[in-house]
Amino acid sequence: MTTDADAPTTSAPDLTELILWFRSNARALPWREPDVTGWGVLVSETMLQQTPVRRVEPIWLEWMSRWPAPSDLAATSQAEVLRAWGKLGYPRRALRLHEAAGVVATEHDDVVPSDVDTLLALPGVGAYTARAVAAFAYGKRVPVVDTNVRRVVARAVHGAGDAGPPATNRDLADVEALLPADEARASALSAGLMELGQTVCTVRSPECERCPVRRRCAWQHNGRPAYAGPAKKVQKFAGTDRQVRGKLLDVLRGAEGPVARKQLDAVWSDAGQRDRCLDSLLVDGLMEQTDDGRFALPGEH
DNA sequence: TTCCCGCCAG
DNA sequence: CTGGCCGGAA
């Protein structure tokens, strides 16, 4: 008997129980309500990039109330959008979402596309978000891979303690292979994989006794070995340009109109770093300089 | 102090 | 493929 060199070294476990688990254990998040549009899902997924659910919830509700359609947001100034983004962090996301809203309004009849490649062409929409919108807003059978899903698959399928460095194409193919043929079941599994990674199969203290797939989990069968790959990098915040940019922008969000240079100088003592950050904020389009040399949120004056 | 964890420019 | 981009909760 010959062996197939391309055969996977591990066989995919049956994850049917994860679909059932998700259907009865999914957290009741506002963007999961049945009447939420593709626009609502795009806004939620963009806000959820790098920002925890609890901080996103109130802002998302406000946005949906103020801007129920892409054209509503597109008609708003960048300054107002940045203020409404508040302290969700990484405000370039807000600018890109504003820009994407304009594209959807003018080129897609004010309806967020359901096709992955069309979604990928929108500003701020990458491999994860495009597929999340396709799967969660439109019920499509596409692999949705974030870091939680990578960890769940690394454990349940490959028996490792955690996923190694991202390898987008391989990761997508990996998860694609797990999806059932049926669209509704596939999107439920995609959502279930994420939910499991966020709430049960966590990095540091997985609650395996609560896990719906524990009896089929390769990591369990391996005796839950520790993560063996290269050390993960820890991201600093205190003292970084990110912190300084945040402080500078916060001054403008809190001001009525343009502010003098002196007010910005007050938030950080290192002049060199301050100037560098100010410059990068201008380059990023997160602030503008007025004719008289003051600073303002974009599109405000 | 540590953790969170997607997009994009270089 | 690597590193920079926010800010708050644990």
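Heavy atoms only: backbone and side chains are in, while hydrogens, waters and symmetry mates are out. What you are looking at is a predicted structure, and each value in this text was computed from that prediction instead of being measured. Below, chain A is the first sequence line, B the second, and so on; all start at residue 1.
Within the nucleic acid shown, A:Q243 has no heavy atom closer than 4.0 Å to any nucleic acid atom. Within 4.0 Å (heavy atoms only), A:R96 reaches sugar-phosphate atoms of the nucleic acid but no base atom. At a threshold of 4.0 angstrom between heavy atoms, the contacts of A:L88 include nucleobase atoms, whether or not backbone atoms are also involved. The residue A:P166 sits apart from the nucleic acid: no heavy atom pair falls under 4.0 Å. A:Y128 comes within contact range of the sugar-phosphate backbone alone, with a heavy-atom separation under 4.0 Å but no base atom that close.
When the P atom is used for both C:dG8 and B:dC7, the distance is 23 Å, rounded to whole Å. For C:dC6 and B:dA9, the P atoms lie 14 Å apart once the distance is rounded to whole Å.
Atoms NZ (A:K232) and C1' (B:dT2) sit 16 Å apart, rounded to a whole Å.
Distance from the side chain of A:R55 is smallest for C:dG7 among the nucleotides C:dC5, C:dG7, B:dC4. Proximity note for A:D241 (side chain, C-beta onward) versus B:dC5, B:dC3, C:dC5: the nearest is C:dC5. Comparing B:dC4, B:dC5, C:dG7 by their closest approach to the side chain of A:V203 singles out B:dC4.
Residue A:K87 has no polar side-chain atom (N or O) positioned under 4.0 Å from OP1 or OP2 of C:dC6. Residue A:R253 places at least one side-chain N or O under 4.0 Å from the OP1 or OP2 atom of C:dG7. In this structure, A:T129 reaches the B:dC7 phosphate: one of its side-chain N or O atoms is under 4.0 Å from OP1 or OP2.
Between A:D279 and A:R276 no salt bridge is recorded (no basic side-chain N to carboxylate O distance below 4.0 Å). With respect to the salt-bridge test (charged N to carboxylate O, under 4.0 angstrom), the residues A:R141 and A:D182 do not qualify.
We find the OG1-CD1 distance between A:T51 and A:I59 to be 10.0 Å, quoted to the nearest 0.5 Å.
Applying the 5.5 angstrom centroid cut-off and the 30 degree plane-angle cut-off, the aromatic ring of A:Y90 is not stacked upon the base of C:dC5.
A donor-acceptor contact under 3.5 Å is not formed by the side chain of A:Q49 with the base of B:dC5.
Here the two rings, on A:W63 and A:W85, have centers that are under 6.0 Å apart.
Residue order along DNA chain B, read from the 5' end via each residue's closest nucleotide, puts A:P52 first among A:L122 and A:P52.
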